[in-house]
Structure formats: C-alpha cells, structure tokens
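Reading through the structure tokens given below for one structure.
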Amino acid sequence: MSVKSLIKAMEKTNIAEDLDDHELHEIASNVIQRADEDRASMRDWMDCVDEGLRLCKPEFIGKSEPWDGASNYKSTILTEASNDFGNRAGMELMRDRRLVKAEIIGIETLQNVIEKKSGEISEMQEQLDSINAQAEQLKASGQELDPELQKQIEAIASEIKESTAAIKQKKLAIRDKSQRADRVTEIMNWQVNSNMKEWRKDQKRLMYSLPNIGTIFKKTFYDEALGRCVSHVINYPDFIVNQATVCIEEARSFTHVFAMSESRARERIKAGVWLEVDRFKNYDPKNDVGIEDNTNESNKTLYANDNADSYYEQYCWIDLDDDGCEEPYIVTVHKASQSVMRIVARFDFDGIIVKYKDMRPMPLLKAQRERAADILKDAEEFGVEPQVPDAMDLTGFKVVRVDPKPVLTKYGFIPSYDGSFLDMGFFHFLGSATLASNKATNDLLDAGTLANTAMGISAKGFRKRQGDFKFKKGQIMATEIPADQLQSSIYMLNFKEPSQTLFQLNEGIKSSAGSFIATSDASSQIQSNTSPTTALAIIQESMIPQTAHMGLIIDSMSDEFKILFSLNSEYLNDDEYRAVVGDAEASYSADFATDGLSIVCGANPE
C-alpha cells in the first residue's frame, strides 16, 4: 500500500464504507475463522480455567451419590490462594498514589559528564593557581612575566571558563528534563487516580482474578464519547488469541468478544461509526441445536434476542489493496449475522516505516524531517535557494512495513512451561490438587456419617411393626419379644471410622498446595528468642515468590502506562494540561514527545 493510501486509511472513521459486499463478507468470514482457530489452540488452557471456575463455585446441596444428600464439600485452596495474593498485591502495588513515573533517559550520563568536567576544572584551577603564584613571585622580584607563561595562564583560564559554561548548560538541561518529567508524572498520575475513574478499582479486581486464571488483558484507548482515555479489563472468557503468538504487539489476531444492546448499537450506527446491517440475515432456527445448551424453543428466543448482540472486535492484519502486504486493522463483526460493522486502521504516522533514497528505514514524519534537512544542507553547500517540498509531497518514500499501534496489554502470572503464549495460574497448577482434596475430604465425611449412623438388618421372623422403623433420641421402646429372640433377630451394621491414612494424605495434599502458593505462616518459624534480623530475613524469604509475581505485574503496568503516554501525545489539550500541572507555559506536545523520557510503574513490591 502506498503512503498516501495508508494516510487516507488512518483518516477514515470506518473503512468498511468503501468496500463492497463481497469484500466485507470475505473479511467477516476470515475473522470468524481466525477466531475459531485461535479458540481451538486455547482448548487445553480453557479446559483448566473452566474446571477451576467450577471448583471455586460454592455448592449448598448434597450429592446424590453414593446416597442422596452425601457430602459435597469443596476445598478453598484456590480461593484462599487468589485472595491471599490479591490482598498482598493490592496493598503493595496500589498503596502509592504516584504509580506512574517518568524517568529521564541519559540523566546518569549527563551527571557523569558534569562530575568529570568538575574534576577537570578543579585540576586546571590548581594548575592555574600554581602558575599565578609563580607569576606573583616573578613580579615581586622585579622580573618581567614570560609571554609564554602569560599565554598559558590565559589558555587555562579560557578552558576553565568554557568548561564552566558547559557544566552550566548541562545543569540547565537536567533541570529542564527534570521539570518535564515532573509534569508528565503529575498529569499521568492524575489520570489513573482521578480522571480515569474506573482504573484503580478495575486494577485491584484484576489482582484477585489474575492468580487463578493466569492471563488477563487490558485495552487502553481514547473514548470519544467520554472525552478521555479509558483502560478496560478483558477477562476470560472475553478474549481469543492463538497460543502460537510470541508477543501481543505482533499477534496475527486477537479477538475481544463483547455484548452490546441493540440501542447502544443503534447509537453507533446513527453516529456513522458502524454500518447498518441486517442482524438476522444469517439466522436459522434449525441451527440452534448446534449452539451450546440450546435444545428447546425458549433457548431459540434467547438466541434471537441475546446472542445476536454478541460482537467480535478483532485486532488483525488484512491486505485491503491486494499488494501482497498486510496492514494492521481493527475489524468489528456482528457474530450472529457474520456482518462487518466497522474497519479502522490500527496504525499512525509513527507506525508507517518508510525508506527515502539511501536513508535507513524510519517513521514517516522523521523521514520527512531528514529529507528537509538534506535539502537545506545541499542548498547551503551549493549556494542555491532551498526548495523544501510540501508535507503532503510523498514522492520518493517507499513503505518498508507498517507497525501496529499499541492498544493491548497482557497481564501474566506464571509463564507457561511449554512456551505457549497464555500464562498459567493456580487453576492450571492446583486444579488437580483441589480435586484430590475434595475427593478425600468427601470420603472422610461420608465415612464419618456412616460410622455415626446406626443401621442394621432385622430377621425375617422378627416383627415389631410392618416396614422399617427408627428410634427417636432418648426413646426406650417397649416390646413383648423375649430378649434372646430380640438379640438374635437384629444384626447391626458396623462401619469403620474415617481412615487415618486418608486423612494424613489429604493433609499432605493441602500442605503441598500451600507450599506452591507460598502461604506458609512465617510466624511459626519465629520464636521468642529469634533476633530481629533473622525474623526479617524469614519474612522476606517467605514473600519472595509473590514478590516475583508482582514484578511481572509491574512490568505489565509499565507497558500500559506507555500506551497511555502515547495517547496523551495525541489527545491531550494544553488548557487541561496546564491546569493540572500548574504551569501556564507548559506544552503537552513538547512534554509528550517520544524522545527523552521512559515511562515506568513506580510501585515497589519489596
């Protein structure tokens, strides 16, 4: 695709308006097919999560096997694990209101240069003082000052002056960079704490869900309706991604599954954001049997009214101009009708990597600046009037590739042992242990129930009354049957007490699970005579595993903040920026330039 075509695609609210029905149908089919293929690659991972969710679901009704009302206990291993991590992560990572930190790139180098220059000035000053002392001695003795010595004094003094000016310039540069970093830090912390009202709440909830599921995504973008940036959590099962994906930035496809009411969809259609489509053009009631759990007429109505409002928002690559090169787009498809609602470019000027003449590949805007600089340099060299081309003159620029604009952030817990993309959680590693603990505990409870319940068999000739009979608590039943006949006519069933071996095995399973999730109680290792230093070391040692997991979360938060920084460079306005940072001369466009700053998460789990 040419540079002009890419720019035109960036400016379109909905590229789907320019495509015919055949192209839209093909794109929609490809989106659905990719989502199905990606979901198939996730099957093993999803099965573990689904089973884990079932294990965490509380049950209040007894099982029907081996008898009606049998024990139906569910272990709280998984719930305790996620709750414990969520509590600690929420306290450690979210306690500080200044979560975003803008670090100055190269400040250590500048400081080293200043320190080196200061040392050189000190040496030169000592040398100058020594020479001046000699000159004073010569002057005091009535001798004339050697011209060479005078030149040496002037040279050293000039060098000291230049070095001092250089140090002053670098200190001013550090001051300006520091002030810029402080302003960026201030505005971005204001955003996540106040402006993005849902951010802290959603982030804390994420800390409780992530340990069990293993992978959660966040989508950070500018919401035109709200007039601000938002960051939505995409939790399971609302995402579909291929397990062969290496990194989220280069994913061939990522699908966000979401539901939207008809009225909200109508608003987007009227605003020109979505296409008008027939929501039921591909609906066939005969196909309802293929939908999970849809086996009766009422479920057909549910499908028509509810599932028809399910949408796929897929971040994928499409070759719209058939030039053999794919570009990143976001395609929204109405699932039930398999209709494209919207196609929008997922790249900006920084993502259009071009090559001009012998220059190395670089972003388009930078390449244009380099071209203008070369033209001015050549004009100055040959003494002619420079002819700088217009910004829309894209002659000579060749597209090398198109990089996607970052939107998604992956939050992972434990990297997959087989190298697949989706990280694992407690559901994957402790699901089998929880199942085993549930089985062992239920067997122990059922055995205890049998041991505590009196049951027996009466002989054929024994008749107190017809049918079975039971004693009430404290009751003494009168009978005319002789004692020897009574004793020989009833056989009591004796059941063993719950197995101690099974009990110990169950305790071992729970202990093993507790060791994995690092929930060991450090207080049990700290005695009254334990020194404070040793106690602190024991506590820190017990928290190392969770601290490492929190480190991964901090890395993901840094990635999310980098996306927010990029959005600010495009959507902030000077009035709002100046009001928040309290600087009437601040310029967001200058402060949010892509060079000079590194955005990180300032939380510290240690």
Side-chain angles (χ1 to χ4, degrees), residues 1 5-19 23-39 217-226 229-234 238-242 245 247-260 264-265 267-269 271-277 309-321 325-335 337-352 401-410 559-560 562-564 566-567 570-571:
M1 184 176 284
S5 299
L6 291 173
I7 295 176
K8 183 180 178 181
M10 287 169 48
E11 296 172 346
K12 290 287 293 183
T13 302
N14 190 355
I15 300 173
E17 295 174 344
D18 300 335
L19 305 179
E23 291 175 310
L24 292 175
H25 176 73
E26 183 178 359
I27 291 173
S29 299
N30 290 337
V31 167
I32 299 295
Q33 181 180 351
R34 276 193 296 263
D36 291 341
E37 292 172 354
D38 293 347
R39 193 192 298 272
F217 295 90
K218 294 192 75 174
K219 179 174 67 173
T220 308
F221 61 99
Y222 183 81
D223 191 314
E224 296 283 355
L226 295 177
C229 295
V230 296
S231 195
H232 288 168
V233 176
I234 306 177
D238 294 336
F239 60 81
I240 307 172
V241 63
N242 199 289
T245 300
C247 64
I248 191 61
E249 293 81 10
E250 299 296 332
R252 296 301 303 164
S253 61
F254 176 92
T255 307
H256 176 203
V257 184
F258 66 94
M260 181 175 290
R264 291 293 302 276
E267 291 175 2
R268 298 195 176 195
I269 293 171
V273 178
W274 282 6
L275 292 180
E276 176 79 51
V277 299
D309 289 329
S310 181
Y311 296 87
Y312 281 171
E313 183 181 77
Q314 190 170 98
Y315 299 73
C316 57
W317 297 73
I318 308 175
D319 181 12
L320 290 180
D321 57 354
C325 297
E326 295 179 327
E327 296 84 31
Y329 293 94
I330 303 176
V331 183
T332 305
V333 173
H334 185 252
K335 183 181 176 183
S337 64
Q338 297 187 11
S339 301
V340 173
M341 307 297 295
R342 188 190 190 197
I343 302 176
V344 64
R346 188 165 54 105
F347 53 86
D348 54 16
F349 286 107
D350 290 333
I352 303 176
R401 68 179 186 275
V402 180
D403 293 336
K405 186 177 181 179
V407 178
L408 302 167
T409 304
K410 174 191 174 186
D559 293 339
E560 182 182 351
K562 287 181 174 68
I563 297 175
L564 182 61
S566 177
L567 291 172
E570 185 176 356
Y571 293 105

Over all atoms of both residues, closest heavy-atom pair of His256 and Asp238: CD2-O, 3.3 Å
Heavy-atom pair of closest approach, residues Thr220 and Ser231: OG1-OG, 2.9 Å
Test item: Asp319 and Glu326 side chains (from C-beta on) under 4.5 Å apart, heavy atoms: yes
Pairing residues for Leu226 by the side chain to side chain contact (heavy atoms under 4.5 Å, CB included) criterion, not counting sequence neighbours: Asp223, Arg228, Val230
Qualifying residues under side chain to side chain donor-acceptor pair (under 3.5 Å), relative to Ser253, sequence neighbours excluded: Asp38
Partner set under side chain to side chain donor-acceptor pair (under 3.5 Å) for Glu11, not counting sequence neighbours: none
Distance-minimising heavy-atom pair for Val257 and Ser310: CG1-OG, 3.9 Å
Any side-chain heavy-atom pair of Leu24 and Leu275 under 4.5 Å: yes
Whether over 12 other heavy atoms sit under 6.0 Å from Lys8 NZ: no
4.5 Å side-chain heavy-atom contact, Leu19 and Ile343: yes
Exam field: side chain Trp317 to backbone Ala251, donor-acceptor pair closer than 3.5 Å: yes
Donor-acceptor contact present, side-chain Gln314 to main-chain Val31, <3.5 Å: yes
Tyr315: partners by ring-ring contact (aromatic ring centres under 6.0 Å, His included), with sequence neighbours left out: none
Qualifying residues under side chain to side chain donor-acceptor pair (under 3.5 Å), relative to Glu23, sequence neighbours excluded: none
Student check: side-chain heavy atoms of Leu408 and Ile234 closer than 4.5 Å: yes
Shortest non-hydrogen contact between Tyr311 and Ala265, atoms and distance: OH-CB, 3.5 Å
Heavy-atom check, side chain of Met10 versus side chain of Lys405, under 4.5 Å: no
Trace of the side-chain contact (heavy atoms from CB on, under 4.5 Å) decision for Arg268 with Met260: CA-CA 11 Å; Arg268 298 195 176 195; Met260 181 175 290; 3.4 Å; yes
Within-4.5 Å side-chain heavy-atom neighbours: Arg342 and Val273: yes
Beyond-backbone contact of Phe258 with His232, side-chain heavy atoms, under 4.5 angstrom: no
Residues forming a ring-ring contact (aromatic ring centres under 6.0 Å, His included) with Phe349, sequence neighbours excluded: none
Ion pair Arg252/Glu37, N-O distance below 4.0 Å: no
Phe347 and Tyr329, any side-chain heavy atoms less than 4.5 Å apart: yes
Minimum heavy-atom distance Glu327-Leu320, with the two atoms named: OE1-N, 4.2 Å
